[in-house]
Each structure stands twice: as structure tokens, then as C-alpha cells.
Amino acid sequence: MSVLFLRTLRDDPADADVASHRLLVRAGYVRRAAPGIFSWLPLGWMVLRNVERIVREEMNRAGFQEVHFPALLPREPYEATGRWTEYGDNLFRLQDRRGADYLLGPTHEEMFTLLVKDICTSYKDLPLSIYQIQTKYRDEARPRAGLLRGREFVMKDSYSFDLDRAGLQASYDAHRAAYVRTFDRLGLPYVIVAATSGAMGGSASEEFLAPLDAGEDTFAFCAGCGYAANTEAVHTAVPAVPAVPAAAQALAGETPAARVEDTPGTPTIQTLVDELNRRPDLRRPDRPWTAADTLKNVLVMLVHPDGTTEPLAVGLPGDRDLDVKRLEATITPAVVAAFGEAEFAARPQLVKGYIGPRSLGKARGVRYLVDPRVVEGTSWVTGADAPGRHVIGLVAGRDFRADGTIDVAEVRAGDPCPQCGAGLELRRGIEIGHIFQLGSKYAEALGLAVAGPGGQPVVVTMGSYGIGVSRAVAAIAESTLDDRGLCWPREIAPADVHLVAASKDKSVVEYADRLALDLSQANIRVLYDDRSDASAGVKFKDAELIGVPTVVVIGKGLADGVVEVRDRASGTTDLVPVGEVTAHLVELCRADPDAAD
RNA sequence: CGGGGAGUAGCGCAGCGGAAGCGCACCUGCUUUGGGUGCAGGAGGUCGGGGGUUCAAAUCCCCCCUCCCCGACCA
């Protein structure tokens with residue numbers, strides 16, 4: 001360490017909030033070069049390469065072949081699939097000296113598809129799975145938490161090519177299994193959740209989330225049946241109409257007709273519910289009104305990739321907020337913009353605060369989609385499209401009809417599980433992997449077809465599979481660190497053994513020098529703190545901060561013929577006779593379950 | 001892009017009209033020698049940028065830039 005390119009910091013950097021980010025900077029693994037862009041120092045680079053190596057080994061073991069594409073890409077393929085525009089501002093674009101457009105690759109579906117088109121001509125060339133480990137570029141609106149969300153990051157991306165859906169399913173399953181092995185080996189806790197496919201297109205997709213609070217995703221899971229889904233992908237459980245007698249009665253016209261009431265000064269759900277419960281003439285006989293009895297209609301403006309806009313009204317139970325993330329996941333590639341004052345002014349039939357279903361709908365120029373809970377036969381209090389007026393007992397299917405349903409209300413802890421009905425729990429997670437069944441979107445756009453058994457062309461069916469490699473480094477750090485510093489699993493760590501010469505005593509230094517050499521020759525990776533100008537205390541603190549799994553201390557015990565072998569994670573110390581140290585450490589490093597292979 | 005906070009030495013911070021400072025880190029010497037030793041000396045700054053007010057601006061005013069946090073986007 002006396003010559004290692006490293007400087008540890010005693011204070012936390014002020015711009016780092018997430019623990020893994022703080023410690024990776026403090027322990028000298030990475031430094032910020034620009035927003036969301038990091039330089040890797042020797043220790044960090046070793047860790048990143050270790051993670052890469054594990055990912056690579058597991059991909060190869062699964063029979064996938066490694067290739068490598070450029071990061072600097074021409075515009076045309078991305079134009080052909082529409083992603084030049086769909087990716088929007090997230091794409092780093094640049095021009096060459098002649099003014100031709102280029103981009104820095106955010107992901108490589110197009111390039112892989114074109115390469116396979118170039119090489120594969122027959123069904124006999126399939127199935128095929130190829131991958132790369134590559135630096136990706138996305139001009140994120142908000143880089144965050146150091147390595148967790150950068151604008152430049154390392155990703156392993158795989159792509160599968162099959163003749164039909166069954167083949168795709170098999171390739172998908174093979175990747176899923178390889179991911180399970182990879183993340184197990186990386187020592188990362190993870191949950192596999194149902195996901196939406198976003199800008200990637202395609203159908204089925206699942207995410208691997210490391211359940212850590214530093215993550216940006218929220219997922220719902222059911223302890224009862226094992227259901228797990230990103231909140232974006234949760235399907236709201238809906239009772240069937242015939243199962244609810246009151247709903248059937250309402251549809252049959254056996255309940256009172258809807259009536260419009262003056263409810264002055266009730267532009268919000270809360271003021272409305274208070275008014276309903278305050279006024280004797282409006283009270284429910286059986287129980288007080290709640291926000292869940294009201295139907296609120298939220299207006300948004302959809303902006304399509306081509307720039308055109310479309311108004312959309314979403315009808316939700318009044319106790320739920322619209323989850324914009326879920327909405328955007330549903331309507332992608334369009335994005336959501338606010339429905340501003342100007343939009344209201346242009347549509348006088350929409351009375352802010354009192355909008356009801358009867359002013360909405362395709363026929364009136366505003367597409368109207370309702371929450372799945374608004375099933376036919378349910379009765380609602382909702383706006384009467386006049387200032388200070390609401391309608392009570394408006395029955396879906398009898399008094400109004402929406403253009404369809406849309407499942408974009410916020411998901412809450414305790415909501416019924418769509419599989420078994422038990423209460424869902426919510427948790428945050430870091431997305432470390434994502435697998436997609438793409439289908440034929442890219443193959444069709446780029447003309448990838450091979451000759452089938454009968455000689456006729458068959459459009460290839462694709463899947464794409466990503467692992468955030470640099471993100472995984474941060475996730476592993478996040479899941480293993482403690483209040484003293486980083487704490488790597490052995491296979492990820494920059495070294496097996498952190499050797500500390502805890503004294504300047506000549507015999508100590510000489511012994512430590514020789515042990516460092518012995519261990520290296522025994523194929524143990526050693527980080528040797530041979531600094532002569534650092535006190536023992538400083539070295540101990542740095543060892544804990546850096547987080548190598550085993551710390552070996554040569555010091556005052558040497559006079560009694562022993563050295564200390566400390567386990568970084570547990571803090572326990574063994575005294576080992578000097579003659580047995582090398583054998584002991586070889587044993588320790590081999591025995592570690594992480595160090596298999 | 002909305003809402004909040006912050007830009008002063010490598011890192012952490014104080015100063016908020018009147019000579020740019022403190023702690024850590026760094027360099028030199030001594031000291032200490034198993035839990036971030038102590039002492040002395042030293043080096044290191046366009047005070048984020050531009051404009052303005054003033055005899056005088058890190059400090060007051062205007063514009064811009066950047067960073068962090070919470071939301072909207074993703075591996």
C-alpha cells in the first residue's frame with residue numbers, strides 16, 4: 001500500500017447520501033469525473049472486473065457467446081426501430097465532421113439484430129444467444145447515488161434469437177436460470193418480480209431486484225403465495241360483478257336513480273366527504289361516507305413521440321392517487337404532461353373540481369379510462385360538471401360507460417394480492433437485472449428473417465437480457481457494508497487478505513514482507529499495508545474501510561509466535577502460529593463458499 | 001422538467017461589507033509506536049462564472065452555471 005494509487009478519506013463526501021456511494025468514494029474505489037460519470041481507481045477497478053468475470057463465467061457456462069460492439073453507433077438502425085425519437089433526451093447524440101448523426105449506445109438491440117441478420121440465414125443457425133459486457137450511455141435526467149444510476153455505466157446485455165415462441169420461452173428460461181446462478185454467486189439478495197417492458201417493447205418481462213432501501217424501484221409482494229411484481233406491473237384484483245349482490249341489483253335498476261345535489265365549496269375529495277357526512281340529507285344510513293366512495297377524474301395530457309398531444313381522463317376511487325410512473329409504463333412510448341390552465345380553458349365543459357363521467361369520453365373529445373375497481377354496478381359520488389354540484393349514486397354501466405379501464409392507481413400496502421387475495425407488502429429494490437421477451441419488434445423493423453425448414457422466410461423471435469454490472473458493484477457494497485466500512489464477499493473483494501504490519505519493529509516488518517510473498521506464491525491475493533508512516537490505528541481503520549474479507553495483523557503477537565487472523569464481517573480474531581499461517585489462509589480462502597470454482 | 005437545499009484549499013466546514021480562515025489530508029523535523037499520537041514549521045485559493053452597487057464585495061443586487069435531496073425517466 002505504500003505505493004498503491006489510493007487515498008482514503010476520513011470524512012464522508014458531502015455530495016454522497018447513499019452509504020455505498022459514500023464508502024466507495026471514501027475508501028478510494030471511485031471518484032466522480034462528471035455528473036453520473038465515474039473514474040475507477042485500482043481497488044474499484046479490481047472489484048468491477050471481479051463482478052464482470054463472474055457474470056462472464058456464468059454466461060459462458062450457459063452456452064452464450066461473447067461478442068463486443070462499439071459504443072459509438074450510427075443513427076440509421078435506431079431510426080429504423082423508432083428509438084432515435086422514442087429514447088428522447090436520454091440519448092447522447094453527436095455528429096461527425098460531416099454532420100452525420102451518431103449516438104452513444106444506451107442498449108444494443110438494433111446492432112445485435114443487424115449483426116445476426118448479416119450472419120444467420122437459416123433456421124439451422126438458431127437458436128442463438130450472444131452477449132457483451134459494455135459501457136452504456138444514457139443522458140439521465142437525474143443521475144443518483146453514485147454508481148447506482150450513472151450516465152455512463154457497465155452493462156452485460158444478452159440477446160436471444162429463436163424461430164418461434166416456444167424457442168423464445170426456452171431461451172428466456174435459460175437466461176433466467178443463468179441470472180439466478182449469477183446473482184447467487186455475487187452474493188446479492190434478490191427478488192424476481194413481474195415487470196413492464198418500457199421503451200424496450202415486447203411482452204413478458206421480469207426484473208431481478210435487490211431488496212434494499214437505497215433502490216429506486218418499489219415492488220409489491222405477497223408473503224402468502226409468493227406473488228411479486230414491480231408496482232408498475234401490479235394488476236389490481238377486481239371482484240367479479242355477479243359476486244357482489246349490490247352491484248347486480250344496481251344494474252337491474254333496483255337501486256335509486258342517481259341524483260344531483262348542491263355541494264357548494266367542495267372542490268377536493270376531502271371537502272366533499274366532509275360535506276356529505278355533515279349534512280343530514282346526504283348522510284348514508286349504514287355508515288359514514290369515505291373517500292373510497294367517490295370517483296375522481298384526473299386529467300392528463302399524453303405527448304406522443306411524434307409530438308402530438310392527446311387529452312386523457314382517468315377515473316379513480318377518490319382515496320387513491322394516480323401513480324404517474326404506472327401511467328407512463330402503461331402508455332409508453334407516450335409521456336405524461338400536466339393538464340394546464342390553457343387546456344381547461346380550451347374545454348369549457350370540464351369544470352375543475354367537479355368533473356364527472358358525463359363530460360368525458362371519446363365522443364366528447366377526451367378519452368376516458370377508469371380504474372379496474374370501477375366495475376359495472378358500482379355506485380359512486382362524483383362531479384356533476386357544474387360548479388359546486390355533485391351527483392350521488394351514479395352507477396357504472398347503468399348511468400355511464402367509460403372507454404375502457406386502465407390500471408394506474410397507486411398501489412398500497414395491504415391491497416389484495418391478485419393471485420390469492422391476501423394483503424400485499426411493499427418494499428424498495430435496486431434493479432440489478434431485467435429480462436425481456438421482445439418478440440419480433442426488432443426483427444420486423446430491421447428485416448431479420450431466416451429460411452425455415454420449408455425454405456420460406458421466418459421472422460426471428462428475440463429476447464433481451466440485461467445485468468447492470470457497475471450497478472451490481474454498488475448493490476453488493478450496499479448489501480454488505482456496516483458502520484465501519486465496506487465488507488466484500490471474497491470473490492468480489494479486491495484481495496483475499498489485507499495484511500497489516502502493525503509495528504515498525506524490524507522483525508515484524510521482515511516477517512510481514514516474507515508472508516506477503518509466501519501468500520502471493522500460494523495464489524492468495526494480498527493487499528499489504530507496508531506503510532512506514534502510518535500508525536497501527538490508521539491501518540486498522542483503513543483495513544475496515546476497504547473491506548477485504550480477511551485481515552491479517554502482524555504485531556505484538558509475533559514475539560509469542562502468533563499472528564492475528566481477523567474476519568472482517570464478524571470481527572472475530574483467531575491467533576495462528578506463525579508456522580501455520582500460510583496453510584491456514586490457503587484453507588480459509590478455499591473453504592469460503594463464495595470462492596467456489 | 002417541477003419543488004427544496006448548497007457552491008470558499010484534495011476532503012469536511014466557518015466567515016456574510018473593511019488584510020481569505022479552521023479541522024483532516026499533504027510536505028519537513030522531532031515525538032509517539034496495537035485503534036485515525038502530540039508539537040513545531042511549511043506548501044496549497046481566479047471564494048462556481050459574468051455583470052452591477054460601493055472608497056472597499058467571499059459578503060449586497062441581477063443573470064448564468066454546477067451539485068445534492070424529493071418527485072417525473074431507466075440496467
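Here is the naming used below: chain letters follow the sequence lines, and residue numbers restart at 1 for every chain.
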Worksheet item: Would you say the base of G10(B) and the side-chain of R26(A) have a donor-acceptor pair closer than 3.5 Å?
Response: no

Discussion item. Less than 4.0 angstrom from a charged side-chain N to a carboxylate O is my criterion; do D12(A) and R22(A) meet it?
Written reply: yes

Worksheet item: Does S535(A) have a side-chain nitrogen or oxygen under 4.0 Å from the phosphate oxygens OP1 or OP2 of U37(B)?
Response: yes

Practice prompt. Take atom C1' in U33(B) and the same atom in C16(B), then report the distance between them in whole Å.
Written response: 45 Å

Discussion item. If you assign each of G36(A) and G466(A) to its closest nucleotide in RNA chain B, which residue comes earlier from the 5' end?
Written reply: G36(A)

Worksheet item: Taking the six-membered ring of W40(A), is the NZ or CZ of R31(A) close enough (under 6.0 Å from the centre) and on axis enough (within 45°)?
Response: no

Worksheet item: At under 4.0 Å between heavy atoms, what does E152(A) touch on the DNA or RNA strands: base, sugar-phosphate, or nothing?
Response: nothing

Practice prompt. Scan D542(A) against the nucleic acid and name what it touches under 4.0 Å (heavy atoms): base, sugar-phosphate only, or nothing.
Written response: base

Discussion item. Using a distance-only criterion (donor-acceptor N/O pair, under 3.5 Å, no hydrogens), is the base of C74(B) paired with the side chain of R138(A)?
Written reply: no

Response to the item:
In whole angstroms, the gap separating P of G36(B) from CZ of R484(A) amounts to 15 Å

Worksheet item: Cation-pi between R566(A) and F540(A): NZ/CZ under 6.0 Å from ring centre and within 45° of the ring axis?
Response: yes

Worksheet item: Within the structure shown, what part of the strands sits under 4.0 Å from D217(A) by heavy-atom distance: base, sugar-phosphate, or nothing?
Response: base

Worksheet entry | Side-chain donor/acceptor contact of E216(A) with base of G71(B) under 3.5 Å | no

Practice prompt. Tell me what V553(A) touches on the nucleic acid: a base, only sugar-phosphate, or nothing, going by heavy atoms under 4.0 Å.
Written response: base

Item to complete: Test ring pair (Phe, Tyr, Trp, His ring centres under 6.0 Å) on F112(A) and F69(A) and set out the steps.
Response: CA-CA 8 Å; F112(A) 272 81; F69(A) 281 87; 4.4 Å; yes

Practice prompt. Specify the separation, in whole Å, of atom CG of L6(A) and atom P of C11(B).
Written response: 16 Å

Worksheet item: With a non-hydrogen cut-off below 4.0 angstrom, is G555(A) in contact with a base, only sugar-phosphate, or nothing?
Response: base

Discussion item. Under 4.0 Å, heavy atoms only, any strand: does G215(A) hit a base, just the sugar-phosphate, or nothing?
Written reply: nothing

Discussion item. Considering every strand and a 4.0 Å limit on heavy-atom distances, what is the contact class for I430(A): base, sugar-phosphate, or nothing?
Written reply: nothing

Worksheet item: Is there a donor N/O on one and an acceptor N/O on the other, under 3.5 Å, for the side chain of R149(A) and the base of C73(B)?
Response: yes

Fill in: Stepwise salt bridge (charged side-chain N to carboxylate O under 4.0 Å, His left out) check, R568(A) with D482(A)
CA-CA 10 Å; R568(A) 167 65 184 84; D482(A) 60 25; 2.8 Å; yes

Worksheet item: Per the side chain to side chain contact (heavy atoms under 4.5 Å, CB included) rule, which among V411(A), L209(A), I192(A) passes with F219(A)?
Response: L209(A)

Discussion item. Can you tell me whether the side chain of E544(A) and the base of G36(B) have a donor-acceptor pair closer than 3.5 Å?
Written reply: no

Worksheet item: Side-chain donor or acceptor of R531(A) under 3.5 Å from a matching atom on the base of G36(B)?
Response: no

Practice prompt. Please work out if G28(A) contacts a base, only the sugar-phosphate, or nothing of the nucleic acid, heavy-atom cut-off 4.0 Å.
Written response: nothing

Fill in: Sequence-aligned protein contact record of nucleotides 24-29 of chain B, with B where the base is within under 4.0 Å of a protein heavy atom and S where only the sugar-phosphate is
SSS---

Discussion item. Suppose we define a pair by two distances each less than 3.5 Å, Watson-Crick or G-U wobble; what does U46(B) pair with here?
Written reply: none

Worksheet item: Parallel, tilted or perpendicular for F183(A) and Y190(A), by the 30°/60° rule?
Response: tilted

Worksheet item: Salt-bridged, R49(A) to E52(A), with N to O below 4.0 Å?
Response: no

Worksheet item: Between G34(B) atom C1' and L558(A) atom CG, what is the distance in whole Å?
Response: 13 Å

Practice prompt. Describe the nucleic acid contact of Q134(A) in one word from base, sugar-phosphate, nothing, applying a heavy-atom distance below 4.0 Å.
Written response: nothing

Discussion item. In this structure, how many angstroms lie between the P atom of U37(B) and the NZ atom of K504(A), rounded?
Written reply: 11 Å

Worksheet item: NA contact type, R32(A), heavy-atom cut-off 4.0 Å: base, sugar-phosphate, or nothing?
Response: sugar-phosphate

